[in-house]
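Below is one structure, written out as structure tokens, with a few remarks after it.
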Amino acid sequence: MHFHDCFVQGCDASVLLDGANTEKTAGPNRGLRGWEVIDDAKTQLEAACPGVVSCADILALAARDSVVLTKGINWKVPTGRLDGRVSLASETNNLPGFRDSIEVQKTKFQAFGLNTQDLVTLVGGHTIGTSACQFFRYRLYNFTTTGNGADPTINPSFVPQLRALCPQDGDAAKRVDLDTGSAARFDATFFTNLRNGRGILESDQKLWTDASTKSFVQRFLGVRGLQALNFNVEFGRSMVKMSTIGLKSADKGEIRRICSAIN
Ligand code: HEM
């Protein structure tokens, strides 16, 4: 949610606003969930200290807390963001899509000052959570006319498992772990899965097939001959970088009383 917020109008809680044609209503955001968790945090904060903590800060803090709760790293979240007053569905095409090439993914991240390492690191956020079948089922059936018909970048031994989870005519909304075997733990096994052809989203698996991103995956995996990188440490760093995108100045921002509406 924090990522989808920061890439549209900056980290200003614009993703939380209700209304006709707000960001929330757009395709890339329709899968977001957990709004009630943010509302609950806001209610408790307003009861204790009214008008102090913005909804944008709550999103940044909640993202960090999700990582801590799944046994990942802790980091200090800079605070003081202001909430915006503008939210437009039409601006959500800044967000990367699950079929985007690495070139496109890089361009979309670069637009916000995030480099290739930040891209690989932040997509590593898929070490927790799930995806609906609708975002990857097309990879499993009639993707090619050769072999088993599945996307050839999927490990052939993994295809039957995914087909069992997402049958061709089954429920498109059914949820499947993005990091098979370790979806509740914030660790680097997401990258091990990519190496083994066990990525769920096409955009994730491409991090391994493209040379420029593969080297960062390999560094997270501690491949010999390459300078090792600690995924959790880098994740904290890249998140702080992402969490400062496009911050609102006092004339364009406020501290909302409720997160789903401007004051
Ligand atoms: C190329 C960039 C990215 C693409 C294309 C992408 C795409 C997706 C898709 C399609 C889903 C499944 C959504 C659903 O079923 O409703 C998902 C889930 C998720 N993504 Fe990403 N994502 C990207 C980057 C990121 C980043 C940078 C983060 C965090 C720093 C992130 C965190 C998550 C999380 C936590 C989930 C699980 C949500 C849940 O369980 O409800 N993603 N992503």
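All values below come from the heavy atoms of this structure, side chains included, with hydrogens, waters and symmetry mates left out. All ligand and atom numbering here is 1-based and tracks the order in the structure.
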Numbering as shown, the atoms of ligand 1 that approach [X] to under 4.0 Å (heavy-atom distance):
{"X": "Ser131", "result": "12 (C), 15 (O)"}
{"X": "Leu122", "result": "26 (C), 27 (C), 28 (C), 29 (C), 30 (C)"}
{"X": "Gln105", "result": "1 (C)"}
{"X": "Gly31", "result": "16 (O)"}
{"X": "Gly129", "result": "37 (C), 40 (O)"}

Which protein non-hydrogen atom lies closest to [atom], naming both residue and atom, and how far is it?
{"atom": "atom 2 (C) of ligand 1", "answer": "Pro96 CG, 3.4 Å"}
{"atom": "atom 9 (C) of ligand 1", "answer": "Leu201 CD1, 3.6 Å"}
{"atom": "atom 13 (C) of ligand 1", "answer": "Phe135 CE1, 3.8 Å"}

>> Could you go through Ile245 and Met242, starting from their C-alpha distance and side-chain angles, then the distance that decides it, and tell me whether this counts as side-chain contact (heavy atoms from CB on, under 4.5 Å)?
In response: CA-CA 6 Å; Ile245 293 171; Met242 184 185 85; 4.0 Å; yes
> For Asn94, does the CG atom sit with more than 12 other heavy atoms under 6.0 Å from it, leaving out its own atoms?
Replying inline: yes
> In terms of heavy-atom contacts, does CD of Gln227 have more than 12 from other residues, nucleotides or ligands at under 6.0 Å?
Replying inline: no
> Parallel under 30°, tilted from 30 to 60°, perpendicular over 60°: which one fits the rings of Phe7 and Phe112?
Replying inline: tilted
> How are the rings of Phe98 and Tyr138 set to each other: parallel, tilted or perpendicular (split at 30° and 60°)?
Replying inline: tilted
>> With a heavy-atom distance limit of 4.0 Å, tell me whether Ser203 approaches ligand 1 through its side chain, its backbone, both, or neither.
In response: side chain
> Just heavy atoms, cut-off under 4.0 Å: does Arg33 contact ligand 1 by side chain, backbone, both, or neither?
Replying inline: side chain
With respect to [atom], which of [options] exhibits the smallest heavy-atom separation?
{"atom": "atom 25 (C) of ligand 1", "options": "Phe186, Phe3, Phe98", "answer": "Phe3"}
{"atom": "atom 17 (C) of ligand 1", "options": "Arg99, Met242, His126", "answer": "His126"}
{"atom": "atom 15 (O) of ligand 1", "options": "Cys6, Ala132, Gly97, Ser243", "answer": "Ala132"}
{"atom": "atom 38 (C) of ligand 1", "options": "Val176, Asp179, Thr130", "answer": "Thr130"}

>> Does the residue Arg30 have a heavy-atom contact with ligand 1, meaning some pair of atoms that are separated by less than 4.0 Å?
In response: no
>> Please determine whether any non-hydrogen atom of Leu178 lies less than 4.0 Å from an atom of ligand 1.
In response: yes
> Nearest 0.5 Å, what's the CG-CD distance between Asp18 and Glu23?
Replying inline: 12.0 Å
> Run the side-chain contact (heavy atoms from CB on, under 4.5 Å) check on Arg195 and Val217 step by step: do they pass?
Replying inline: CA-CA 8 Å; Arg195 181 190 66 200; Val217 177; 5.6 Å; no
>> When you measure from the side chain of Asp5 to the backbone of Asp12, do you find a donor-acceptor pair of N or O atoms at a distance under 3.5 Å?
In response: yes
> Do you know the tightest heavy-atom contact between Phe143 and Ala150?
Replying inline: CB-C, 3.9 Å
>> Is there a side-chain contact (heavy atoms from CB on, under 4.5 Å) between Cys259 and Asp39? Walk through the geometry before answering.
In response: CA-CA 6 Å; Cys259 289; Asp39 289 341; 4.0 Å; yes
